[in-house]
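Quick note on labels: first sequence line is chain A, next is B, and so on, each numbered from 1. Nothing here was measured: the structure is a model prediction, and the numbers come from that model.
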Amino acid sequence: MAVENAALKPTLLDLYRTMTRIRTFEETAHKEFLKGKMPGFLHLYSGQEAIAAGVMSVLQPDDYISSHHRGHGHLIAKGADTGRMFAELFGRVDGFCRGKGGSMHIADSSLNILGANGVVGACVHIGTGAAFACKHKHRGRVSVIFLGDAATNRGTFHEALNLAAIWDLPAVYVVENNLYGVANCQRDYMKVEVAGRAAGYGFPGVTVDGNDVAAVREAAGQAVARARAGQGPTLLDCRTWRHWGHFIGDAAAYRDPEEHKAWLKRDPLILAADLLRSEKWATQADLDRIQAEAEEEMLAALDFGKNSPLPGKEELYTHVYTG
Amino acid sequence: MANITMNYAEAVADALKLEMRRDPDVYVYGEDVGKFGGSFGVTGYGVFEEFPDRVLDTPISETAIVGTAVGAAAAGMRPCVEILFMDFLPIAMDELCNQAAKFHYMFGGQMKCPMVVRTALGAGMGAAAHHSQSLEAMLCHIPGLKTVIPATPYDAKGLLISSIRDDNPVAFLEHKMLYSLKGEVPEGDYTVPIGKADLKREGTDVTLVCYSSMVHRCLEAADGLEKDGVHAEVLDLRTLIPMDKDAILNSLAKTHRLVIVHEACLTGGFGGEIAAIAAGEGFDLLDAPIVRVAGPDTPVPFSPALEAEFLVNAPRIIAAVRGLLG
């Protein structure tokens, strides 16, 4: 991990805390799901934390983000309340979507999070539309779109990136490239690298070590600055690895166990912890405290979420239309 | 307010200009809506000229046109986008039906999606299978969308203003054979409420429920029936979702006979929904079976001879009414 600037010291500890909170949230959700307490599907973000934490650390509170089905990490990194997140995962009325969205539609619009989404590649348009609003209404803001590598095969990706390019929209496309689209390995569905696709639209595509939170922060900082300055979009190809299958229940038998082991050694939390200790920016006791605080937070959040009331039947019929 | 004679396309353009003057968040974009003036000439009636920075050409990218409108609307704008032909709207069905229609609901009321998708539907100009369909029923099946389908210049302007101001996503369906239809339109700002039918002609013997270009075919048919002493009532729904059920039932209370007329194919058409409501909620009002006059279950053919056979016309409506009255 190349770090040239000691100014990273306080930031890296914050990023480590964010990543730890995401990991602990996901591990808590995982356990509850396996107990059969949580309805629906669960797509865990574990392993990809450096991307959410690194990107969000360069955003302003009123910048927009759009996310996908593996979206818990994005909410936590942008500041969403984890108690209300658990309430949503349990389908409870205190959830951000009053229990009507669940994990795949989790969102906190007060933080300008335009939602997780159940359709792969849909967020690319939604976030590009928010970038249009940033250009024409909310000058100076940017829109960051998180998507998976497999979503770059959707037609929406092509149409949105082309439009963002010709309109010079303040958009940053962050591809969380975990090398698999469900069970399909990237080498079987793409002939080029994700970053290379940006050349087709005439804006920069940058390959980033997506497990190195400092590298993500650096690349995202440049892309966001470029967008904010009115210089148009950037595509970040962040290489990473999901620690679990596509969803909980998928054993990911399609992946090479050796490759999996190698990636686990490059767990973004381990890499950040190693750097914090080697630079003497934090002691093991500091890191243990961060972990303990995260566990305490998630226990309380889980308790809040599980004990929130179920929505009343009338909730089925509300919010179909507004006004 | 003084009335001006203008055609349907000009009336749509007038609504766009008025709303763009009133609200800086209203933007228009789509294929060739800029300098070219729109393929049916709508934005060419001074919309682009007055707002060159807010009437934007897009590439041929239907999913991006509708999908980015969702994001822009959720982020506080009020986009009014154009899909050139309704036949191309299925390309953007994820964006319209899975995203726009569900944004308010699936996020528990946190977000709104105030956007309008204008598109041209209908046959009659030899445009064949890919440029002629009436696919309104497809949209009516998706909760969260409103579907507006005006038949006159007056309604086109007043309903488009209402649609742009509505905080829900609205599909605004313009019949391409109506663009040149002239009518009296008030100058300046007025609205026609979404969800209110318009009784176009009063009658006592049969109710013709219709919308879009079929309103004019039904009025022609009513003239023809009048010569036989049959007084047909013509009810223009104007919006399909929400539907003005009361107007239908009130009319049936008077005429006790229902003929539903639409250009779209019969099977799965919106006429089935109207019939179900009449039968379910107005059974006691009916003295005769409900009749649907609709397009056949075929694609729209090219040859003028075949297209004419596809299209519902006044003689077919008259024949259906005569069959019903015996």
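- Using a 4.5 Å cut-off between heavy atoms, A:H158 makes no contact with chain B at all.
- A salt bridge between A:R228 and A:D63 is present, with a side-chain N of the basic residue lying under 4.0 Å from a carboxylate O of the acidic one.
- Under the 3.5 Å distance criterion, with hydrogens and angles disregarded, no donor-acceptor pair is assigned to the side chains of B:N250 and B:D246.
- Interface residue B:K146: backbone and side-chain heavy atoms are both found under 4.5 Å from chain A.
- Between A:H43 and A:F41, the ring planes are perpendicular. Angles over 60° get that label, and only those under 30° would be called parallel.
- The parts of B:D167 that come within reach of chain A are both its backbone and its side chain, each placing non-hydrogen atoms under 4.5 angstrom from that chain.
- Of the atoms belonging to A:A116, it is backbone heavy atoms, and not side-chain ones, that fall under 4.5 Å from chain B.
- Within the 4.5 angstrom heavy-atom criterion, no atom of A:N112 approaches chain B.
- Interface remark: A:S66 contributes no atoms to any contact with chain B (heavy atom separation under 4.5 Å).
- Counting heavy-atom pairs under 4.5 Å between each of A:I106, A:V124, A:T156, A:V119 and chain B puts A:V119 at the top.
- Within the 3.5 Å criterion, the main-chain N or O of B:P143 finds no donor-acceptor partner in the side chain of A:Y321.
- By number of non-hydrogen pairs under 4.5 angstrom with chain A, the leading residue of B:G71, B:P169, B:P242 is B:G71.
- Between A:F132 and A:W167, the ring-plane angle classifies as tilted under the 30° and 60° cut-offs.
- Per-residue heavy-atom pair counts under 4.5 Å with chain B were compared for A:S143, A:G323, A:A133, and the maximum is reached by A:A133.
- Of the listed residues (B:G109, B:G144, B:C113), the greatest number of heavy-atom pairs within a distance under 4.5 Å of chain A belongs to B:G144.
- Using a 4.5 Å cut-off between heavy atoms, B:E62 contacts chain A through its backbone alone, with no side-chain atom that close.
- Annotation: maximal heavy-atom pairing with chain A below 4.5 Å, among B:A75, B:P24, B:P59, occurs at B:A75.
- A salt bridge links B:R118 to B:E82: at least one charged side-chain nitrogen sits closer than 4.0 Å to a carboxylate oxygen.
- The pair A:K100-A:E88 does not count as a salt bridge, with every side-chain nitrogen at least 4.0 angstrom from each carboxylate oxygen.
- Residue-environment remark: CG (A:L316) exceeds the threshold of 12 foreign heavy atoms within 6.0 Å.
- Contacts between A:L114 and chain B at a heavy-atom distance below 4.5 Å involve backbone atoms as well as side-chain atoms.
- Classified by interplanar angle (parallel below 30°, tilted 30° to 60°, perpendicular above 60°), the ring pair B:F40/B:F85 is perpendicular.
- Ranking B:D166, B:L56, B:T58, B:V70 against chain A, the residue ahead of the rest is B:L56, based on heavy-atom pairs under 4.5 Å.
- Looking at A:E315, the atoms closer than 4.5 Å to chain B (heavy atoms on both sides) all sit in the backbone: N, CA, C or O.
- In this structure, chain A has heavy atoms under 4.5 Å from both the backbone and the side chain of B:Q110.
- Only the side chain of B:I241 comes within contact range of chain A, with at least one heavy atom under 4.5 Å from a heavy atom of that chain.
- Ranked by heavy-atom pairs under 4.5 Å with chain B, the first of A:I126, A:L163, A:N117 is A:I126.
- At a 4.5 Å heavy-atom cutoff, A:L169 makes no contact with chain B through either its backbone or its side chain.
- When B:K112, B:H104, B:M106, B:M77 are compared by the number of non-hydrogen pairs under 4.5 Å with chain A, B:H104 comes out ahead.
- Ionic pairing of B:D57 and B:K35 is not present here: no N-O contact between side-chain nitrogen and carboxylate oxygen is shorter than 4.0 angstrom.
- Here the side chain of B:T68 pairs no donor or acceptor atom with the backbone of A:T128 at under 3.5 angstrom.
- Just one of A:F96, A:F25, A:F146, A:Y45 meets the ring-ring contact (aromatic ring centres under 6.0 Å, His included) condition when paired with A:H72; it is A:F25.
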